[in-house]
Every structure is written in C-alpha cells, then in structure tokens.
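Everything on this sheet refers to the single structure shown next.
In what follows, chains carry the letters A, B, and so on, assigned in the order in which the sequence lines appear, proteins first and then strands, with residues in each chain numbered from 1.
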Amino acid sequence: MTKNVKVRFPPSPTGFLHIGGARTALYNWLFARHHNGKLVLRIEDTDQVRSTNEATQSILESLQWLGLDWDEGPYYQSQRLAIYQESVEKLLKQGDATYIDDPEKGRAVRFKVKDVVTDIEDLIHGKIKFDTALIEDFIIQKGDGFPTYNFACVVDDGLMEISHIIRGDDHISNTPRQIALYHALGFDLPKFAHIPMILGEDGTRLSKRHGATSAVEYREKGYLPEAIINFIALLGWSPGNDQEFMTKQEMIEKFSLKRVNKSSARFDTVKLDWMNSKYIRELPAEKLASSLHYFIEKAGFDTNHLSDAWLQKLAELYKERFKTLSEFMIQTYPFFSNEIEYDNKAVEKFLKKDGVSSLISNTHAELKELKTFSIKEIEDCLRKVTTHQGIGFGKLAQPLRVAIVGKSASAGIFETLELLGKEKSLNRLEYAMKAFL
RNA sequence: GGCCCCAUCGUCUAGUUAGGCCUAGGACACCGGGUUUUCAUCCCGGCAACUGGGGUUCAAAUCCCCAUGGGGUCACCA
C-alpha cells in the first residue's frame with residue numbers, strides 16, 4: 001500500500017460535469033477512500049473566455065448529488081496566478097523557458113523541451129514509450145498572463161503533492177510534456193494511471209449528439225445517484241467476481257487500479273435503465289415518495305396538499321413498473337390529474353363491446369353503495385359482480401381499467417380504485433359511460 | 001497523416017499478471033415458456049464471443065510479431 005495517497009479531480013468549468021468526468025471523479029474518490037488518502041478538488045479555470053461561474057456551480061452540485069465529497073479545495077487556478085508566475089520565473093532564470101512576443105496575443109512564455117524523457121510506467125497500461133525527439137517546445141504562459149493547462153496542472157500537482165494522477169487516457173499524450181516540466185521544476189514524479197474513456201452507444205466519443213451526457217441531465221430524467229454511481233463504476237472496472245450491485249462502501253473496499261480495464265467502454269442506456277429500476281424498487285417507500293415530489297411538481301401538480309401516506313402507497317404500487325422517476329409521472333398521471341386521456345385502441349377493444357355498457361353501470365351502482373372504499377371491499381364487490389354475471393374476472397377488470405385510467409395497463413385494479421378514491425372513480429365511470437357507451 | 005492507446009457474446013464484463021481447471025462464466029438486451037385481472041415484476045429455458053495471420057510451447061483467449069479495426073492526440077483549450 002502506498003503511503004500518503006493524495007489524488008485530485010480537476011474539472012475545467014466550461015460545461016456541465018459529463019458522465020466521463022463523473023467516472024474519473026468517482027475513481028479518484030474511490031482510490032482516495034480505499035487508501036485513506038485525500039481527494040483535492042481543483043477548478044481549472046485558466047481559459048478566461050470559456051470558463052463560467054455557472055459551470056463551476058453546476059459541477060460542484062453534480063458532485064454533491066452523486067455523493068462524491070472532497071477533502072481539500074475547491075482551489076481555483078485563476079486565484080493562484082502568483083504561484084504560477086513564480087514557477088515561470090524560475091524556468092526563465094534556469095534558461096528552460098523564453099519569452100515570445102506576438103503583436104496580437106501579447107507576450108507569452110515558451111518552455112524549451114530538452115529533457116530526455118524516459119518511458120512512463122503507467123499503473124494501468126504498464127510501460128508507455130515516447131519518442132522524445134518528437135515533443136516540441138510549448139507555451140506555458142499565455143499572452144493574457146494565465147498559465148496553460150499543462151503548466152498549471154504540473155505546478156499544482158507538484159505543490160499539492162499529488163501522489164497519483166488518475167485521469168482519462170486522452171491525457172496520455174500530455175504526459176511526456178508534463179514529465180519534462182516536473183523535472184525542470186524539481187518536483188517528484190507522481191504515479192500515473194490513465195483510465196479508458198467512456199464512448200457513446202455508437203462507439204464514438206461522447207458528445208452532445210449522444211443525448212444525455214451530463215450528470216444534471218440524468219438527475220432531471222429521474223435516475224438515482226446511487227444507480228449512476230454503480231453503473232459508471234462498472235464501466236471500466238469490476239470487482240473481479242459477478243457482483244454487479246454494490247454500495248459505495250463495498251466499492252471503496254474492493255476498488256483497485258489493478259482491476260481497471262485498458263479498453264474503452266460504451267455507455268449502454270438500456271442497462272443503466274435496468275439498474276436504475278432495480279435501485280428504485282429497493283428504495284424505502286418514504287424515500288421514494290420524497291424523491292418523487294420534484295417530478296410531480298415538474299409535471300405541474302401541487303405537492304403541498306398531497307398526503308404522504310397516499311403518495312407512498314402509490315409509489316409502492318408502481319415502483320416496479322417504471323425505470324426512471326420521470327417515467328413514474330407518465331404512468332401515474334391519471335392519479336394526479338382530473339382530466340385524463342383515453343387511448344383509442346383500448347377504448348375500442350374493451351369498452352365498445354356488447355354488454356359492457358350494462359356491466360359498467362352495474363359496477364358503478366355497486367361501488368357507489370360501498371361505505372368503505374378500500375381494497376378488500378372493492379375486491380369483494382367486483383368479485384360479486386362477475387360471479388353474478390357468470391363471467392371471468394378479466395372481462396370486468398379490463399373495461400373497468402380503461403374507464404378509470406384511460407388505458408389498458410395499470411397496477412392492480414383494486415388498488416387503483418382505492419388510491420383513486422371513491423369520488424374520482426365514480427366520476428370516471430360516469431364520464432366513460434357518457435362518452436363511450 | 002505522425003505519434004500513442006486498445007482489441008472476449010450486439011453491450012458491460014470474468015478469465016490474461018503466475019499458459020493447462022475454458023467444449024470460455026455472469027449481467028443487460030433479445031427470443032421462447034410459466035405465474036397473473038392488464039402491463040410490469042418474478043421464475044425457467046434458449047441464442048450469442050476469444051478480430052485475422054504467423055510464431056513460441058507437450059499445451060495459448062492467455063506470451064511474442066505482423067496485419068486489420070476502433071479510439072485518443074497533435075492549440076497562447078483543458
């Protein structure tokens with residue numbers, strides 16, 4: 001075990017935290033927690049044009065939502081200019097860097113690559129060879145006085161005594177340049193671990209055209225943070241057995257860079273949906289109901305006068321039928337709205353049939369007599385009707401279902417009626433009789 | 001294009017470090033069947049992969065080389 005493990009997650013605030021960044025953050029977090037080390041959060045906002053405060057806030061929020069906390073920071077590179085300046089001067093003095101002037105971009109500083117960089121020993125890839133003759137001199141301080149990525153990154157990692165750099169393997173090609181800087185600046189080399197990238201479903205680099213790619217989008221769609229974490233953890237890492245569901249604690253215990261894959265993975269939404277649905281089903285009724293509030297309001301319904309008990313019952317009743325929280329609203333819309341839409345096919349198939357008219361009006365009359373409108377009474381009542389008519393239960397359940405929720409699929413009919421309540425149920429039946437029978 | 005990384009079912013992966021226990025295991029998806037008042041859940045069963053070619057070896061998914069394919073990177077972006 002390495003002593004004094006210290007890692008960092010350094011997002012650049014030019015957009016939302018995307019799924020690849022989230023996983024990088026997760027692996028760093030897992031590694032730090034596993035080794036009882038520290039995780040530093042550093043905002044790399046050295047691009048004055050593209051960095052925004054909204055992006056920073058959004059990234060911080062996403063990390064919190066995912067439950068990834070940090071021990072130091074957030075540090076902002078834009079507030080550490082004097083520190084980089086010091087290193088620039090050191091390199092200038094050493095003759096490792098020179099000024100270059102550009103009439104338009106101003107005065108910049110360029111690092112002279114003379115160091116003979118040896119192969120890097122990557123914790124995931126093993127030896128990676130570079131032809132150092134191919135590495136060209138590069139800018140370390142821009143005309144606006146801000147450091148460039150490669151430079152600020154090395155200065156910070158060196159000063160902050162980062163022990164392991166765990167980042168996407170799209171950074172492999174930056175590594176020899178950074179190593180040259182470590183040498184010139186006199187810092188000890190950290191260990192590198194380049195993790196594979198997450199590709200879109202089509203195998204190309206993740207981008208906007210792949211639909212949802214940011215953490216906030218997944219939250220908006222109703223994915224649970226635990227499901228996202230579990231799912232992305234498995235994109236490039238596995239505990240070594242067939243276990244797929246893990247709590248964060250289990251992941252911390254089992255996480256090891258040795259078990260991180262070298263090859264990139266595709267993001268499979270279908271499997272994420274499945275995993276999310278599993279997590280939803282395991283959520284305690286109370287938590288599920290409270291998570292639902294946001295989505296209920298978003299759908300335009302007031303949650304202030306909503307009964308907790310009622311919502312919990314509804315959530316329990318439907319929890320194994322939806323894969324995301326937003327999908328819950330689609331399915332349970334008839335329970336919230338006074339106006340419902342009727343599916344034409346369902347109406348044709350189950351309502352507009354011989355005998356259904358009298359069946360429904362009979363049922364309506366029987367239900368109206370019920371003093372207690374709860375599952376048991378409703379079931380007894382409906383069973384009585386079908387027995388009396390000498391028909392199978394399905395012959396009543398389906399037309400009834402369509403009449404009260406507008407479609408041929410719903411949770412159990414007794415529960416549905418109970419949760420809808422006597423008044424609404426009877427109203428729906430009356431409406432259906434008038435409109436279709 | 002130069003340089004770099006990678007390569008097991010459609011997808012995520014186990015197996016590769018220490019070659020034999022692999023007629024390659026699990027999961028998602030898909031296809032059948034069962035349960036059920038519908039849908040979903042759930043249960044049972046099935047389909048499906050070591051990219052190709054050379055080596056090394058008694059033995060290769062596992063080691064080596066080449067080819068092919070995919071990805072990354074070549075900024076005063078990060």
Side-chain angles (χ1 to χ4, degrees), chain A residues 10-15 44-47 49-51 77 100 102 104-110 120 122 124-126 128-131 133-136 138-153 167-176 194 196-199 201 203-205 231-232 234-245 258-259 261-275 277-278 281 318-323 331 346 349-350 379 382-383 386 392-402 405 407-414 416:
Chain A
S12 96
T14 53
E44 310 218 319
D45 54 353
T46 53
D47 184 331
V49 178
R50 296 198 304 147
S51 297
Q77 290 187 325
I100 57 159
D102 183 287
E104 296 203 345
K105 298 173 186 166
R107 181 168 233 202
V109 180
R110 185 163 56 200
I120 72 170
D122 189 275
I124 291 166
H125 295 272
I128 300 178
K129 294 175 180 180
F130 287 99
D131 186 347
L134 262 27
I135 302 167
E136 298 184 339
F138 56 94
I139 304 292
I140 55 174
Q141 188 174 63
K142 300 179 267 184
D144 64 0
F146 275 56
T148 57
Y149 160 71
N150 277 125
F151 186 64
C153 177
R167 71 209 330 181
D169 64 16
D170 50 333
H171 283 285
I172 288 180
S173 56
N174 281 321
T175 310
H194 287 97
M197 310 201 65
I198 295 177
L199 271 21
E201 321 231 2
T204 63
R205 196 192 183 101
F231 181 71
I232 61 179
L234 260 17
L235 248 32
W237 172 77
S238 90
N241 50 27
D242 292 329
Q243 186 179 6
E244 294 203 284
F245 287 90
K258 286 195 187 106
R259 296 205 55 85
N261 280 175
K262 292 179 188 161
S263 54
S264 47
R266 297 190 192 203
F267 191 90
D268 183 5
T269 309
V270 177
K271 188 159 185 177
L272 168 63
D273 283 354
W274 163 78
M275 188 164 264
S277 71
K278 285 283 207 183
R281 274 176 254 162
Y318 272 86
K319 72 195 295 184
E320 56 202 21
R321 289 157 204 274
F322 56 94
K323 295 180 162 67
Q331 295 195 33
K349 187 171 177 189
F350 296 109
E379 171 158 12
L382 297 186
R383 297 270 185 213
T386 52
F393 189 73
K395 292 287 181 206
L396 169 62
Q398 280 311 84
L400 202 52
R401 195 187 310 278
V402 175
V405 299
K407 50 194 175 183
S408 57
S410 80
I413 194 72
F414 313 130
T416 299

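- Open room surrounds NZ on A:K395; 12 or fewer heavy atoms of other groups in view lie less than 6.0 Å from it.
- When both pairing distances are held under 3.5 Å, B:A7 makes a Watson-Crick or G-U pair with B:U68.
- Of the listed nucleotides (B:G10, B:C76, B:U38), B:C76 has the atom at the smallest distance from the side chain of A:I100.
- For A:R266, the side-chain atoms get nearest to B:U11 when compared with the rest of B:U11, B:G71, B:C4.
- Here B:C77 is the nucleotide among B:C4, B:C77, B:C12 with the atom lying nearest to any side-chain atom of A:D47.
- The phosphate of B:C6 (OP1 or OP2) has a side-chain N or O of A:H125 nearer than 4.0 angstrom.
- For A:L134, the listed nucleotide lying nearest its side chain is B:C3; candidates were B:C3, B:C28, B:U41.
- In the set B:A29, B:C76, B:A78, B:A29 carries the atom at the smallest distance from any side-chain atom of A:W274.
- The phosphate of B:A40 has neither OP1 nor OP2 within less than 4.0 Å of any side-chain N or O from A:R281.
- Across the protein-nucleic acid pair, A:D273 atom CG and B:C30 atom C1' stand 16 Å apart, rounded to whole Å.
- In this structure, of B:U13, B:U37, B:C39, it is B:U37 that holds the atom nearest to the side chain of A:F393.
- Here A:R259 reaches the OP1 or OP2 of B:G15: one of its side-chain N or O atoms lies under 4.0 Å away.
- When each of A:P196, A:S263, A:S264 is checked for a side-chain contact (heavy atoms from CB on, under 4.5 Å) with A:D169, only A:P196 meets the rule.
- Toward the 5′ end of RNA chain B lies the nearest nucleotide of A:S264, the other residue of the pair A:S264 and A:R401 mapping further downstream.
- Comparing B:C4, B:U13, B:C42 by their nearest atom to the side chain of A:N261 picks out B:U13.
- Between A:I128 and A:A409, it is A:I128 whose nearest contact on RNA chain B lies nearer the 5' terminus.
- For A:E244, the side-chain atoms get nearest to B:A27 when compared with the rest of B:G71, B:A27, B:C12.
- Applying the Watson-Crick and G-U wobble criteria (two distances, each under 3.5 Å), B:U36 pairs with nothing in any strand.
- Taking every side-chain heavy atom of A:A397 into account, B:U37 is the closest of B:U37, B:U13, B:C5.
- Taking the P atoms as reference points, B:U51 lies 11 Å from B:G10, given to the whole Å.
- Candidate nucleotides B:A14, B:C76, B:C28 were compared by shortest atom distance to the side chain of A:D102, and B:C76 ranks first.
- Between A:T386 and B:U37, a side-chain N or O to OP1/OP2 separation shorter than 4.0 Å is absent.
- If you check every strand for non-hydrogen atoms under 4.0 Å, A:N174 touches a base.
- If you measure from atom CD1 of A:I140 to atom C1' of B:A78, you get 17 Å, rounded to the nearest angstrom.
- Within the shown strands, B:G46 is the pairing partner of B:C30 under the Watson-Crick or G-U definition, both distances less than 3.5 Å.
- Rounded to whole Å, the P atom of B:U8 lies 11 Å from the corresponding atom of B:C50.
- Taking only side-chain nitrogens and oxygens, A:K278 comes nearer than 4.0 Å to OP1 or OP2 of B:C42.
- Rounded to whole Å, the distance from CD on A:Q331 to P on B:A40 is 10 Å.
- In this structure, A:K262 reaches the sugar-phosphate backbone alone: every heavy-atom distance under 4.0 Å involves primed, P, OP1 or OP2 atoms, never a base.
- Across all strands shown, B:C21 forms no Watson-Crick or G-U wobble pair with both key distances under 3.5 Å.
- Across all strands shown, B:G1 forms a Watson-Crick or G-U wobble pair, both distances under 3.5 Å, with B:C74.
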